[in-house]
2 protein chains.
Amino acid sequence: MPKPGPRLRLADVAERAGVSLATASRVLSGRGGVSEELAGRVRQVSHELGYVANPYARTLAGGTSPTVGLIVHQVDDPYFSEIAGGVIEVAAEKGLLVQISHSGRDPDYELRQLRHLIAQRVGIILIAGSGYDDPRVEAEARTELSAFQSLGGRVAVIGRHTLGVDAVLPDNEAGGRAVTAHLLELGHRRIAVAAGTPGLTTVTDRLAGVSSALRQHGLSLDDLPVVHSDFTRDGGRVTAEQILGDHPETTAIIALNDAMAIGVLSVLRAHRIPVPERMSVVGFDDVSVAADLAPSLTTIRLPMTDMGRMALTLALRPPSTRPRRRSTGHTLVVRDSSGPAPRLSASRP
Amino acid sequence: MPKPGPRLRLADVAERAGVSLATASRVLSGRGGVSEELAGRVRQVSHELGYVANPYARTLAGGTSPTVGLIVHQVDDPYFSEIAGGVIEVAAEKGLLVQISHSGRDPDYELRQLRHLIAQRVGIILIAGSGYDDPRVEAEARTELSAFQSLGGRVAVIGRHTLGVDAVLPDNEAGGRAVTAHLLELGHRRIAVAAGTPGLTTVTDRLAGVSSALRQHGLSLDDLPVVHSDFTRDGGRVTAEQILGDHPETTAIIALNDAMAIGVLSVLRAHRIPVPERMSVVGFDDVSVAADLAPSLTTIRLPMTDMGRMALTLALRPPSTRPRRRSTGHTLVVRDSSGPAPRLSASRP
DNA sequence: ATAGGGTATGGAAACGTTTTCCTGAGCGCT
DNA sequence: AGCGCTCAGGAAAACGTTTCCATACCCTAT
C-alpha cells in the first residue's frame, strides 16, 4: 500500500531507479527519448513508491497547468451541476483537476472570476452558461480570453456563442420552435412565455424559436404575453402569478427553462388550476427531476452531462485557428404537463 | 484597466518600487516587518501594474496552497451541490480556489481521490457525505488525513463523524426521531422505511432515530419493513415497488433522504395511490425542490448551504488538538405529503 | 579509419515565489 | 563612549519540476 510519505520527490524516484533526474522527468512526463529499459525501471519504481508529481513545481517549470477552471452561473442549479458532473468525469479520466467558481449570473462578477482564473494560471478555462446581451462585457471577456489563448491557454464554452472560441451549443432556437410547435399542435393559441433573466442570449435565442414557430402558424409573439424574470424557481413563480393575473385566458405557459417551469407548476397548484386540463406547461433542459414532478414535465431534453464532457474534450484538442462548434441534439420529451387546449378557448378558429 | 500581461513578476514590482525582491514579497504576503513607507510604495506599484502572484510559485516556495479540495459523493445531487455552493461562497470571500472531485459513494475510489488531493498538495481538504461502516476504509482515510494534518494541511468533514477531525454534523438521529414521531402522531403504525445505500453511517444514524421514536411508542423497528437501496431517486423507486408489493398494508413510508422520497412519490403516482390520503411519505434533507413537488414533501430540513460555509470556516481556524464539532439544527417541515393515517389500518389499536 | 548524424543520458539553468540568514543602522543602557 | 538589542532590509538558498545544453555512444556513409 503506497503511502504518500512526507516529501517524496522525483529525485527520490530517480535515485532509486539509478537514473538522472532529467531522465526520470522525461519518462514520467511522457516526453519520450528514453530507452525502454530505463523507462520501465522508472515507471516501476515510481509506481512502487506511489509517487505523484507536485503540480505546483510542474506548472512552474513547465508552463501548462493541469487544472481546468470551470465558471458556471450557479453551482446549485441542476442544469449546471449536471454539466459540472460531465466535466469532472472527463477531468478524472485525464488526471486533471477541476476548479469551480460561480458567477451568480452577474456579468461583471463573472469577468472578475475569469480574470482571477487567468491570473491563477489555470491551463484550461470552461465557461458554462449563456452570454450577455451587453457588448461591453462580451468584448472584455473576449479580449481576456484571446490573451489567455495566446499564452497557450485552452478555452471552451458551453451554451455561449458570443466569445469566438470553441463552443458546445445546444440549438436553443430549434428547441424553442419544437416546444412551441408541440403546444400549437395541441390546439393552444393563448400561450404565455415565462422568460428568464433579461439580457441573456439564451433567452433571446429560445424566444426566437418560439417566435418562429408562431409565425409558421400565422401568429406573432408580439401579441402574446412575455414576462421576464430570473431563470430560477422563484422567477418562475413571479412570472406565473403575473400571467395568471393579467392574462387569465392563457391556456399554456412556455417556461424557458425547467427551473422556471417548476416554479410555474407550484403556483398553478397553489391556485388549484389543473395541469394539463386547464393549463399546459412546458419547460426546457430536462433536468433530472423533471420526470418526477407531478405532473411530470414536458420539456426539451438537452444532454447536459454530455455537454460538459464535450466541452472539456474540445478544449483538450490541439488548438485550431478557427473556433470549432459542436452542436448538441435536443429532443422534445412529451410528458404529462401538456395536453390539448381546453375547449373554451381552443375551439375558436 | 490593469491587464494581467504576459509575464509580470514580483521582481518587476520590486524593481519599479525600488526595493528588493524580499521586501516586496514581505509586503505582499503580509508578513510584516516593513516600514509603512516602503510597504505603501510596493502596494501602490503592485496595484497599478495589476500584479497577481503566481500561485504555483507561491505554493512551491511557501508550502501552503490556497486551494481547498472538496470531495462529495455525487456532484449533481442537490444535497451536495448546495453544500458545494456554501463552500464556494466562503472560498470566494477568502480568495481561495475550490477543487471538486466526486467519489460516487465508492469508498475505495473516494480513498483514491483523497490520496490524489493530498499528493496534489492542496491546503485544505473538505469531505462531504456519510462515512462508511467499513472499518478498514475509515482507518485508512484517518491515517491519510492525520499525515496530511501533520504536514500542515487543514481538514473538515460534513456529516461524517468517524474520522477524528473537525466536523459539521447534522443530528441525523434526532432528525430520524422527529420525522418518525410526526408520523406516529398522525396515527400511522404500518410504517415502512426506504433506506439508503447500505454501509453508510448516515443510514445507520437516521435509522437509529427512527427506531428510538418507535420504541417510545411501544413499537419496534424489527417488526417493520426496512428496504435498502441507493440514496438516489432510482433507489427510491426500487424500494417503493418492493414495499408496495410485499407490504400492501403500509400507510406511511419514511425515505431516508429526499432523493429517495422523490422516487417513492413517483412510484405512488404511477400506481395511482393518493398521497397523503392513502399513503404518507416523508423525506430527509429538504433539498430545494422538495417544496415544489406535488404533493410538497414533508421532510427534515438541514441547512446545507450553511453546512458548507461552516465546514470551510472551521477548517480555516487555527488547528486545535482536539477535533471540534459543530452541530447543525434541523427542523421538521410539515408539508402536504404527510397526513393522518387512513381509518382502515390506523383504527386498530 | 573517419567524419557525421542521430540518440540516449546526465548536468545545470530556469520557473517565481517564500524564507533563512546576514548586515548595518539606530537605540537605550550602563 | 561602548555594549548588546532590536529592527528594516537585502542577498541568496530553497521549493520540485521541466528543459536546454553538452556529452558519450553507436551506426552508417564516405
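Letters A, B, ... are given to chains in the order of the sequence lines, protein chains preceding strands, and every chain is numbered from 1. Scope of the values below: all heavy atoms of this structure, side chains included, with no hydrogens, waters or symmetry mates.
Separating the CG atom of A:Leu21 from the P atom of C:dA13 is a distance of 14 Å, rounded to the nearest angstrom. One can place CZ of B:Arg121 at 17 Å from C1' of C:dT17, the figure rounded to the nearest angstrom. In this structure, CG of A:Asp12 is placed 14 Å from C1' of D:dC15, rounded to the nearest angstrom. Rounded to a whole Å, the CZ atom of B:Arg31 is 8 Å from the C1' atom of C:dT19. Computed from coordinates, the B:Glu15 CD to D:dG10 P distance equals 13 Å when rounded to whole Å. Taking atom CG of B:Leu60 as the reference point, atom C1' of C:dT19 lies 13 Å away to the nearest angstrom. Across the protein-nucleic acid pair, B:Leu28 atom CG and C:dT18 atom P stand 8 Å apart, rounded to whole Å. What separates CG of A:Leu10 from P of D:dT19 is a distance of 13 Å, to the nearest Å.
Taking a cutoff of 4.0 Å between a charged side-chain nitrogen and a carboxylate oxygen, A:Glu36 and A:Arg41 do not qualify as a salt bridge. Taking a cutoff of 4.0 Å between a charged side-chain nitrogen and a carboxylate oxygen, B:Arg136 and B:Asp108 qualify as a salt bridge. Under 4.0 Å is where a charged nitrogen must lie from a carboxylate oxygen, and between A:Glu138 and A:Arg160 at least one such pair does. Salt-bridge check for B:Arg115 with B:Glu140: passed, with a basic side-chain N closer than 4.0 Å to an acidic carboxylate O.
Side-chain atoms of A:Tyr132 and A:Thr201 include no donor-acceptor pair closer than 3.5 Å.
Remark: A:Tyr56 is not in phosphate contact with D:dT18, judged by side-chain N or O atoms under 4.0 Å from OP1 or OP2. Proximity of B:Ser20 to the phosphate of D:dA11: no side-chain N or O atom is located under 4.0 Å from OP1 or OP2.
Residue A:Thr23 is the one, among A:Thr23 and B:Asn54, whose nearest nucleotide of DNA chain C lies closer to the 5' end (criterion: closest heavy atom). Both A:Gly33 and A:Ala22 lie close to DNA chain C; mapped to their nearest nucleotides by heavy-atom distance, the more 5′-ward contact belongs to A:Gly33.
Across all strands, B:Ser25 comes closer than 4.0 Å to base atoms (heavy-atom distances). In this structure, A:Leu38 reaches the sugar-phosphate backbone alone: every heavy-atom distance under 4.0 Å involves primed, P, OP1 or OP2 atoms, never a base. A:Arg26 comes within 4.0 angstrom of a base, heavy atoms only.
Closest to the A:Arg9 side chain, of the nucleotides C:dG10, C:dT17, D:dT17, is D:dT17. Each of C:dG10, D:dT18, D:dT19 was ranked by its minimum atom distance to the side chain of A:Ser29; first place goes to D:dT18. Distances from the side chain of A:Ala61 to the nucleotides C:dC15, D:dA11, C:dT17 place C:dC15 closest.
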